[in-house]
Amino acid sequence: MPEPRVFPPEKELEALFDRLNNAGRWGPDDELGTLNYISARKRVAAAALVRTGRAMSIARDLNTQQSANNPSPVRHTMCYQAHEPIGAIDELELGMHGFSLTHLDAIAHVYRGQDVYNGRKAGAVATPGGLSYCDILAQKDGIFTRGVLLNIAAARGVSWMTPDQGVFAADLDAAEKRQEVRVESGDAIFVYTGLQKREAAEGPENLGQRVGIMPDAIKWMHEREIAVYSGDCVDAFPNPYSMRYVIYFHAIALAVVAAVRRSSPMASPPCGGMPSSNIRK
């Protein structure tokens with residue numbers, strides 16, 4: 001039977017925050033955080049894994065329809081160019097953060113109280129003109145590394161996890177074992193709990209009741225030195241924490257571990273073409 005979703009007290013999150021703190025690890029002015037784990041050697045090794053050359057997106061389609069799960073939809077405007085235009089022109093307005101638009105989080109996107117990565121304070125970093133430190137431009141050179149899909153639902157023997165469940169460190173271990181792969185320093189991990197299948201069967205997810213990454217899994221990611229986290233779950237809701245930790249995964253992963261997060265992907269396992277030693281459905 002799956003482990004019940006029991007949250008540690010908030011004081012344990014405070015201790016975890018201090019224990020996982022990467023402040024100063026790559027220098028006082030570092031803005032890359034865990035992307036520093038991706039060395040030139042890591043990129044070469046990742047490139048050597050290519051077998052089929054298949055291109056595959058895991059991004060959600062842009063959604064222009066407003067709903068409870070998409071309160072600020074994409075605004076798409078076609079720009080008229082007289083009766084005989086020489087081309088088509090459009091404009092897009094994107095509300096980047098939320099659960100309907102696939103995006104990368106800047107490291108300074110979420111704070112723990114006033115704490116931002118590397119000892120900075122939110123009041124000094126978040127300005128009316130944008131972030132003065134650890135904004136998305138720190139990732140401008142792109143991210144190229146090995147990606148590892150961890151199919152938690154399959155490891156549990158189910159099509160999807162239910163909203164009252166959480167992803168624990170033991171789940172990550174079980175997925176590795178099932179897939180005969182080990183997450184290594186500099187990897188990007190993609191955690192799959194079956195959300196897309198559940199929504200197809202039961203309708204849109206209730207954002208107030210969500211499968212989530214549990215605190216011991218954050219510690220696991222820190223110990224494995226992952227460079228990027230992505231997946232179909234983030235913070236578990238509901239949870240018992242104050243505003244300081246209400247989105248505890250964001251707060252710890254970004255503010256101290258400084259792990260780049262790719263949010264709201266369509267992280268379904270591929271239909272084929274991937275070697276079973278790396279990814280299994």
Side-chain angles (χ1 to χ4, degrees), residues 7-39 42 72 94-99 101-145 185-189 212-231 234-237 239 241-264:
F7 293 92
E10 190 161 317
K11 65 180 181 181
E12 290 188 20
L13 290 190
E14 294 281 5
L16 187 67
F17 188 97
D18 294 335
R19 189 160 64 249
L20 305 189
N21 200 337
N22 277 334
R25 184 168 186 167
W26 296 288
D29 297 317
D30 174 66
E31 297 186 65
L32 291 177
T34 55
L35 294 184
N36 284 289
Y37 291 134
I38 306 175
S39 64
K42 181 71 177 182
S72 183
L94 308 176
M96 293 305 301
H97 297 283
F99 295 96
L101 189 66
T102 304
H103 60 280
L104 279 170
D105 284 347
I107 291 175
H109 165 48
V110 170
Y111 334 124
R112 191 282 304 261
Q114 282 292 306
D115 295 312
V116 181
Y117 171 57
N118 236 358
R120 300 296 208 280
K121 296 298 180 182
V125 169
T127 74
L131 296 176
S132 63
Y133 174 75
C134 279
D135 67 4
I136 203 66
L137 288 179
Q139 303 167 29
K140 64 183 182 298
D141 292 333
I143 301 171
F144 186 93
T145 189
S185 179
D187 283 343
I189 67 170
I213 298 294
M214 301 304 289
D216 73 333
I218 306 174
K219 180 174 180 287
W220 186 98
M221 295 176 200
H222 175 73
E223 291 171 347
R224 293 297 185 88
E225 298 184 346
I226 70 160
V228 179
Y229 170 83
S230 185
V234 280
D235 311 274
F237 284 105
N239 65 58
Y241 301 127
S242 69
M243 285 300 295
R244 186 174 174 85
Y245 283 112
V246 68
I247 48 176
Y248 60 90
F249 181 41
H250 280 76
I252 297 175
L254 292 173
V256 290
V257 179
V260 173
R261 290 184 57 262
R262 188 173 195 263
S263 298
S264 303

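Owing to the predicted nature of the structure, the values given are computational and were not obtained by experimental measurement. Numbers here are sequence positions counted from 1.
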Is the shortest side-chain N to carboxylate O distance from Glu225 to Lys42 below 4.0 Å? no
Identify the heavy atoms of Cys134 and Ala106 that sit nearest to each other, and give their distance. O-CB, 3.4 Å
Note: Ser132 and Ala124 closest approach over all heavy atoms is OG-O, 3.2 Å
Whether Asn118 side chain and Arg120 backbone form a donor-acceptor pair below 3.5 Å: no
If I take atom CG from residue Asp30 and atom CG from residue Asn36, how far apart are they, to the nearest 0.5 angstrom? 4.5 Å
Here the gap from Ile189 atom CD1 to Thr145 atom OG1, rounded to the nearest 0.5 Å, amounts to 12.0 Å
Asp135 side chain vs Leu137 backbone, donor-acceptor pair below 3.5 Å: yes
Mark yes or no for whether Glu10, through its side chain, and Tyr245, through its backbone, hold a donor-acceptor pair below 3.5 Å. no
Is there a side-chain contact between His222 and Asn22 in this structure, where contact means two heavy atoms from C-beta onward sitting under 4.5 Å apart? yes
Residue pair Gly186 / Ala227: nearest heavy atoms and the distance that separates them: O-CB, 3.6 Å
Taken to the nearest 0.5 Å, the spacing of Arg112 CZ from Asp18 CG works out to 6.5 Å
Side-chain heavy-atom pair Leu13, Pro215 within 4.5 angstrom cut-off: yes
Could you please spell out the steps behind the side chain to side chain contact (heavy atoms under 4.5 Å, CB included) verdict for Leu16 and Lys219? CA-CA 8 Å; Leu16 187 67; Lys219 180 174 180 287; 4.2 Å; yes
For residues Leu32 and Ile107, determine if any side-chain heavy atom of one lies less than 4.5 Å from a side-chain heavy atom of the other. no
Heavy atoms, side chains only, cut-off 4.5 Å: are Phe144 and Ile38 in contact? no
Are side-chain heavy atoms of Phe17 and Arg244 found at a separation under 4.5 Å? no
Donor-acceptor contact present, side-chain Tyr248 to main-chain Ala236, <3.5 Å: yes
Under the side-chain contact (heavy atoms from CB on, under 4.5 Å) rule, collect the residues that match up with Phe237, sequence neighbours excluded. Arg210, Asp235, Asn239, Val246, Ile247
Does any part of the side chain of Leu101, heavy atoms only, come nearer than 4.5 Å to the side chain of Met96, both counted from C-beta? yes
So which heavy atom on Ala108 is nearest to which on Val125, and how close? CB-CG1, 4.0 Å
Working to the nearest 0.5 Å, report the span between CD1 of Ile218 and NE2 of His250. 11.0 Å
Gap separating the OG1 atom of Thr34 from the CG atom of Leu254, nearest 0.5 angstrom: 9.0 Å
Are Lys121 and Asp115 close enough that some pair of their side-chain heavy atoms sits under 4.5 Å apart? yes
Could you label the plane-to-plane angle of the Tyr117 and Tyr133 rings as parallel, tilted or perpendicular, counting under 30° as parallel and over 60° as perpendicular? parallel
So Asp105 and His97, do their side chains get closer than 4.5 Å, heavy atoms only? yes
